[in-house]
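First listed ligand is number 1; within each ligand, the first listed atom is number 1.
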Amino acid sequence: MKIGILGAGQLGRMLALAGYPLDFDFVFLDPATEACAAPLGTHIKADFDDERALQEFCVSVDVATFEFENVSSHSAEFVAARIPLYPSPRALTAGQDRLHEKKLFAQLAVPVPGNIAVSSLDGLRLAVEHLGLPCVLKTRRMGYDGKGQAVLRATEDLAPAWDKLGSQPLILEEFIPFEREVSCLAVRAQNGEMRFYPLVENVHRDGILRTAIPTGNDPLQAEGESYARRVAEHLGYVGVMAFEFFVSGGKLLANEIAPRVHNSGHWSIEGAECSQFENHLRAVAGLPLGSTALRGASAMVNLIGSAPSTPALAALDGVHVHSYGKTPKPQRKIGHVTVTAPTREALMARLAPVKALVERHAQ
Ligand code: AMP
């Protein structure tokens, strides 16, 4: 079976690596010259809204998916009118606008931080009066890895934040002094069957994910699964969906969904019976889903900006190196390592020196 992927970054690359053993071939559409998934399939180098390229993409594959969630709804509809596209355009667009996304969560009785749409500096002042300081101003669209947002701590912060972000529609959110951040990775098959990975505990710095550790027996597992199920069923979702939450007062508050495989699930390549990448492909191709159970203990550490040498990392106990073949650049995700161990205690002992080494190189 030929699978088309819109986007050819590291997520596409890891999807292809998971797909070859299942006898899938891959076609990627991506405008980047140095797209890091390109060596793993056919690369159609074109913009996501280039209809001639999209047509070529559609005639060369049996089924399509995406690894980049900012594909326009027009392009997604164009593809879905010609070949099966999973998740559907509706599921893709549900998370593209933070305001609509939060409204959807609230409609499904999934708790969210207080939030208000903002479209002028006066509107921002009123919204801040309503929500109180501190709060977080975000662009409604196209934000990722902490880009397109500003934390407002004092009234003097409002005008500079408006100058930086105000050319686009914005959302102001209550600042959540969270105890933890967790994500629930769910996979839904074409027949509606769902499976859930154990909740993952995520640590961000400067808005970028640094470490992700599956928890195994998290007290919030059932709550996370029930919220993810509500959203996935409402959207008729097919594939892997990542749902990011804040834990506040021991309860989950929804931050956002990603309609794709997600950085907080990379540990599953070594750490789960069936990885998020394989399960996504299984769902998209109509195969039975694989087990989401843990294989021992594991943790993922991102390589950001620059990384220790592969030999230095590979020399450490339990370390599995994933280098994406990307040119190093500050704040850019260029790879990750998964650390595995038979028990949580052994994992923590192995993780500490890995984190220290990676941190020394991060940019
Ligand atoms: P986002 O792009 O919305 O996922 O935000 C990136 C990171 O910024 C999150 O993972 C949090 O660490 C932090 N953040 C975002 N929104 C809030 C909020 N309302 N309260 C506190 N921290 C936040």
Side-chain angles (χ1 to χ4, degrees), residues 9 11 68-70 92-106 110-118 124 127-154 157-158 161 164-165 168-185 199-215 220 224 227-228 231 240-267 300-302 304 331-333 336 362:
L11 302 177
F68 174 67
E69 73 266 41
N70 287 319
L92 167 71
T93 49
Q96 284 181 339
D97 181 318
R98 290 183 191 273
L99 184 72
H100 295 161
E101 186 182 32
K102 293 243 159 39
K103 283 193 173 146
L104 172 68
F105 297 156
V110 176
V112 291
N115 62 87
I116 298 174
V118 166
L124 175 60
V128 168
E129 266 177 39
H130 196 76
L131 291 179
L133 290 168
C135 47
V136 189
L137 187 63
K138 300 181 178 178
T139 56
R140 279 170 54 177
R141 292 180 165 271
M142 303 298 269
Y144 69 99
D145 284 351
K147 292 188 175 61
Q149 53 182 274
V151 178
L152 310 180
R153 297 187 186 278
D157 297 340
L158 271 63
K164 188 173 115 191
L165 304 172
Q168 309 169 53
L170 303 174
I171 179 172
L172 187 73
E173 288 178 19
E174 185 187 353
F175 182 88
I176 307 299
F178 50 79
E179 291 119 44
R180 298 188 287 149
E181 286 189 90
V182 297
S183 54
C184 180
L185 289 141
L199 284 196
V200 187
E201 211 168 273
N202 300 316
V203 175
H204 295 83
R205 205 177 63 245
D206 303 329
I208 303 179
L209 183 68
R210 304 289 160 158
T211 59
I213 308 182
T215 52
L220 296 171
Y227 295 156
V231 172
V240 166
M241 181 183 88
F243 204 151
E244 294 187 76
F245 297 100
F246 304 121
V247 180
S248 177
K251 295 260 176 217
L252 295 178
L253 275 180
N255 180 23
E256 61 181 355
I257 50 167
R260 53 168 171 78
V261 287
H262 191 253
N263 196 175
S264 67
H266 290 1
W267 57 269
M300 189 250 11
V301 182
N302 266 337
I304 312 280
Q331 309 284 80
R332 182 183 234 187
K333 292 174 184 168
H336 74 268

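At a heavy-atom cutoff of 4.0 Å, ligand 1 is contacted by both the backbone and the side chain of I176. Only the side chain of E181 comes within contact range of ligand 1, with a heavy atom under 4.0 Å; no backbone atom does. Contacts with ligand 1 closer than 4.0 Å are made by side-chain heavy atoms of N255 only, the backbone lying farther away.
Counting only distance, with no hydrogens or angles, the side chain of T215 and the backbone of L199 share a donor-acceptor pair below 3.5 Å.
Residues satisfying the ring pair (Phe, Tyr, Trp, His ring centres under 6.0 Å) test with F175, not counting sequence neighbours, are none. Applying the side-chain hydrogen bond (donor to acceptor under 3.5 Å, both in side chains) criterion to R210, with sequence neighbours excluded, gives no partner residue.
Annotation for ligand 1: atoms under 4.0 Å from non-hydrogen atoms of E256 are 1 (P), 2 (O), 4 (O).
For atom 18 (C) of ligand 1, the nearest non-hydrogen atom from the set V136, D206, L131, V203 comes from V136.
Around NE2 of H204, the count of heavy atoms belonging to other residues, nucleotides or ligands within 6.0 Å exceeds 12.
Between E173 and K102 a salt bridge is recorded (basic side-chain N to carboxylate O distance below 4.0 Å).
Within the structure, ligand 1 lacks K147 among the residues with a heavy atom less than 4.0 angstrom away.
Considering both main-chain and side-chain atoms, E244 never comes within under 3.5 Å of ligand 1 through any nitrogen or oxygen pair.
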